[in-house]
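Structure first, then comments.
First listed ligand is number 1; within each ligand, the first listed atom is number 1. Predicted model only: the values in this text are computed from it and were never measured.
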Amino acid sequence: MELLGNNGKDRSSLKSLRVGFIGPGKMAKAILHGLTLDPEKKWLSNGVWVAGRSQRSLDLFVKGFDKESFQLTLDNSELVKNTELVFLCVKPFQAEAVLEQIKSLAEDKMIISVVAGLSLKKIKQIIPRCLVVRTMPNLACQIGKGIIPFALEKEDAQPNKGIMDLVHFILSPLGYPLPISEELMPAVTALTGCGPAYVCMLLIALIEKAKAYGFSEVQASQLIEDMAFGTVLLLKEMNKSPYTLLSEVKTPGGITEAAVQFLVRRGWEDILIEAIETANKKAEELESHL
Ligand SMILES: NC(=O)C1=CN([C@@H]2O[C@H](COP(=O)(O)OP(=O)(O)OC[C@H]3O[C@@H](n4cnc5c(N)ncnc54)[C@H](OP(=O)(O)O)[C@@H]3O)[C@@H](O)[C@H]2O)C=CC1
Ligand SMILES: O=C(O)[C@@H]1CCC=N1
């Protein structure tokens, strides 16, 4: 792991780090977009490798980017041979076969896996000598606003600040890297990995209701998306908690309170909590099957 030698303390060596993505799908694209947001790191200038199982997926993946910056291949091993940092971005049940394909070439390289349910242990069983980072990002990585919980093997996480810093350095253009213990991976999968989907469901319901009230599709989307955007920005910019903001909007005996009481009566929070628990259980089951 020459380029990552010195546990990445020598940042100058990282300038020539060659990056690859196995699995040219949604998550890989979000990460690639995020990485390009950081001009300091100039990831693209070294050429980015992307490996997929069909030429069509690879061509779609690089659409909108400068194609000259990419090396596309249908051979995962070729990618690993030519890179030092590999983002593993295939679906959970595709991951083991990919790891088996690349194992002899991935020794001493760094693998950042985004694969739900794929444990550090499982990766290390197949590729014992690699530096592996397990992450659970979300699609907001695309604009540098993802939350990226990550776990390292215990011996890497505790004493080795160098590796921790290196992981922060690599992931920070994507948003907020957050070291966690691996046991919490199913929980963060259910909460923040899947989270954008819950937010979208809330927005969709409100947009549909706005349309039912007679707003055009464009107006309805603007009303609701800007309201949601303003709400989150308000919390962030004023360092306000959702509990406080809720109480500020909810005038006693007023209109919001009528809606909030209805939601509480109908068990809205319980439904959401059960949904999270269902997702958490599914993530745990996945882990035990991979
Ligand atoms: N989507 C999300 O919000 C999040 C996803 N994840 C994780 O990210 C991973 C990818 O998910 P996502 O991007 O949504 O899925 P996608 O289906 O969009 O991407 C998976 C990609 O892997 C490719 N692929 C499949 N088999 C191989 C192979 N043997 N070699 C190379 N490439 C292969 C697929 O090719 P083809 O195009 O031909 O099907 C596809 O392009 C999953 O493990 C998921 O758990 C984690 C956090 C959030
Ligand atoms: O739905 C999934 O399985 C993946 C994991 C988190 C978000 N998408």
Side-chain angles (χ1 to χ4, degrees), residues 20-35 48-63 70-83 86-103 105-106 111-120 122-123 126 132-143 145-151 171 174-178 180 182 184-201 275-290:
F21 292 88
I22 299 183
K26 296 175 284 292
M27 201 61 236
K29 197 152 188 171
I31 293 173
L32 177 62
H33 269 285
L35 291 180
V48 172
W49 279 81
V50 188
R53 61 179 176 180
S54 79
Q55 193 58 44
R56 191 173 166 274
S57 299
L58 289 170
D59 292 339
L60 270 176
F61 187 80
V62 293
K63 218 172 156 194
F70 290 91
Q71 300 281 348
L72 306 181
T73 178
L74 295 171
D75 178 355
N76 294 329
S77 301
E78 191 188 10
L79 177 144
V80 176
K81 215 181 296 172
N82 288 289
T83 52
V86 177
F87 283 94
L88 181 65
C89 301
V90 296
K91 289 265 171 63
F93 286 104
Q94 299 158 340
E96 186 172 348
V98 171
L99 291 172
E100 288 290 346
Q101 274 172 0
I102 64 171
K103 66 180 176 190
L105 294 155
I111 297 177
I112 300 188
S113 168
V114 304
V115 179
L118 183 65
S119 66
L120 292 164
K122 181 79 197 183
I123 298 175
I126 301 174
V132 58
V133 185
R134 179 177 176 187
T135 68
M136 179 41 61
N138 61 35
L139 287 176
C141 283
Q142 187 165 347
I143 55 160
K145 297 289 179 205
I147 176 92
I148 313 132
F150 69 90
L171 297 178
L174 309 177
Y176 313 99
L178 181 73
I180 63 167
E182 189 177 18
L184 287 172
M185 273 293 164
V188 291
T189 304
L191 289 164
T192 58
C194 308
Y198 315 141
V199 174
C200 286
M201 285 185 76
I276 309 293
E277 281 168 2
T278 306
N280 182 46
K281 192 157 162 257
K282 173 101 183 166
E284 283 173 348
E285 278 167 14
L286 187 60
E287 188 143 342
S288 64
H289 284 104
L290 287 182

TODO: Considering the heavy atoms of Ala116, write down every atom of ligand 1 situated less than 4.0 Å from one of them.
DONE: 43 (O), 45 (O)
TODO: Considering heavy atoms of the protein only, find what lies nearest to atom 13 (O) of ligand 1 and give residue, atom and distance to 0.1 Å.
DONE: Met27 N, 2.8 Å
Open item on the list: Closer than 4.0 Å to some heavy atom of Gly23 - which atoms of ligand 1 meet that?
Closed with: 21 (C), 22 (O), 23 (C), 32 (N)
TODO: Give a yes or no answer on whether the side chain of Asn138 reaches the backbone of Gly146 with a donor-acceptor pair at less than 3.5 Å.
DONE: no
- [ ] Tell me, with the steps shown, if Leu74 and Arg53 meet side-chain contact (heavy atoms from CB on, under 4.5 Å).
- [x] CA-CA 5 Å; Leu74 295 171; Arg53 61 179 176 180; 5.8 Å; no
- [ ] Mind listing the closest non-hydrogen atom pair of Lys81 and Leu105 along with its distance?
- [x] CG-CD2, 4.0 Å
TODO: Look at the rings of Phe61 and Phe21 and say which category their plane angle falls in: under 30° parallel, 30 to 60° tilted, over 60° perpendicular.
DONE: tilted
Task: For atom 16 (P) of ligand 1, closest protein heavy-atom neighbour - done: Lys26 NZ, 3.7 Å
Open item on the list: So which atom in Gly23 and which in Val90 form the shortest heavy-atom distance, rounded to 0.1 Å?
Closed with: CA-CG1, 3.8 Å
Task: Euclidean distance, Ile111 CD1 relative to Ile22 CD1, rounded to 0.5 Å - done: 7.5 Å
Task: Non-hydrogen atom of Ala97 closer than 4.0 Å to ligand 1 - done: no
Task: Sub-4.0 Å protein heavy atom next to atom 2 (C) of ligand 2 - done: no
TODO: Looking only at non-hydrogen atoms, find the nearest pair between Ile148 and Pro137 and report the distance.
DONE: CG2-CB, 4.1 Å
TODO: Pick, from Gly25, Ser57, Pro24, the option with the minimum heavy-atom distance to atom 19 (O) of ligand 1.
DONE: Gly25
Open item on the list: Heavy atoms only, cut-off 4.0 Å: how does Asn76 contact ligand 1, side chain, backbone, both, or neither?
Closed with: side chain
Task: Identity and distance of the protein heavy atom lying nearest atom 35 (O) of ligand 1 - done: Arg53 NE, 3.5 Å
- [ ] State which residues pass salt bridge (charged side-chain N to carboxylate O under 4.0 Å, His left out) with Glu100; sequence neighbours excluded, sorted by chain then number.
- [x] Lys103
Open item on the list: Heavy-atom pairs closer than 4.0 Å: do any link ligand 1 to the side chain of Gln94, the backbone, both, or neither?
Closed with: side chain
Open item on the list: Can you name the atoms of ligand 2, numbered from 1 with element, that are less than 4.0 Å from a heavy atom of Gly193?
Closed with: 6 (C), 7 (C)
Task: Residue, atom name and distance, where the atom is the protein heavy atom closest to atom 15 (O) of ligand 1 - done: Lys91 CE, 3.3 Å
Task: Non-hydrogen atoms of Arg134 and Ser119 that approach each other most closely - done: NH1-CA, 3.5 Å
Open item on the list: Measuring from atom CD1 of Ile123 to atom CG of Leu118, what distance do you get when rounded to the nearest 0.5 angstrom?
Closed with: 4.0 Å
Task: Under-4.0 Å heavy-atom contact with ligand 1, by part of Gln101 that carries it - done: neither
Task: Protein heavy atom at shortest distance from atom 3 (O) of ligand 1 - done: Leu139 CG, 3.4 Å
- [ ] Would you tell me whether Asp59 and Gln55 have side-chain atoms, one donor and one acceptor, within less than 3.5 Å of each other?
- [x] yes
Task: atom 10 (C) of ligand 1: the protein heavy-atom neighbour that sits closest, reported with distance to 0.1 Å - done: Cys89 O, 3.2 Å
- [ ] For Met136, counting its heavy atoms only, list the atoms of ligand 1 lying under 4.0 Å from any of them.
- [x] 46 (C), 47 (C)
Open item on the list: For atom 28 (C) of ligand 1, what is the closest protein heavy atom, and at what distance to 0.1 Å?
Closed with: Val98 CG2, 3.8 Å
Task: Atoms in ligand 1 flagged as close to Val115, the criterion being non-hydrogen separation under 4.0 Å - done: 43 (O)
Task: Best match, Asn138, Val90, Val114: closest heavy atom to atom 42 (C) of ligand 1 - done: Val90
- [ ] Starting at CD of Glu284, measure out to CD of Glu287 and round the result to the nearest 0.5 Å.
- [x] 8.0 Å
- [ ] Just jot down the ligand 1 atoms closer than 4.0 angstrom to any heavy atom of Pro137, in number order.
- [x] 47 (C), 48 (C)
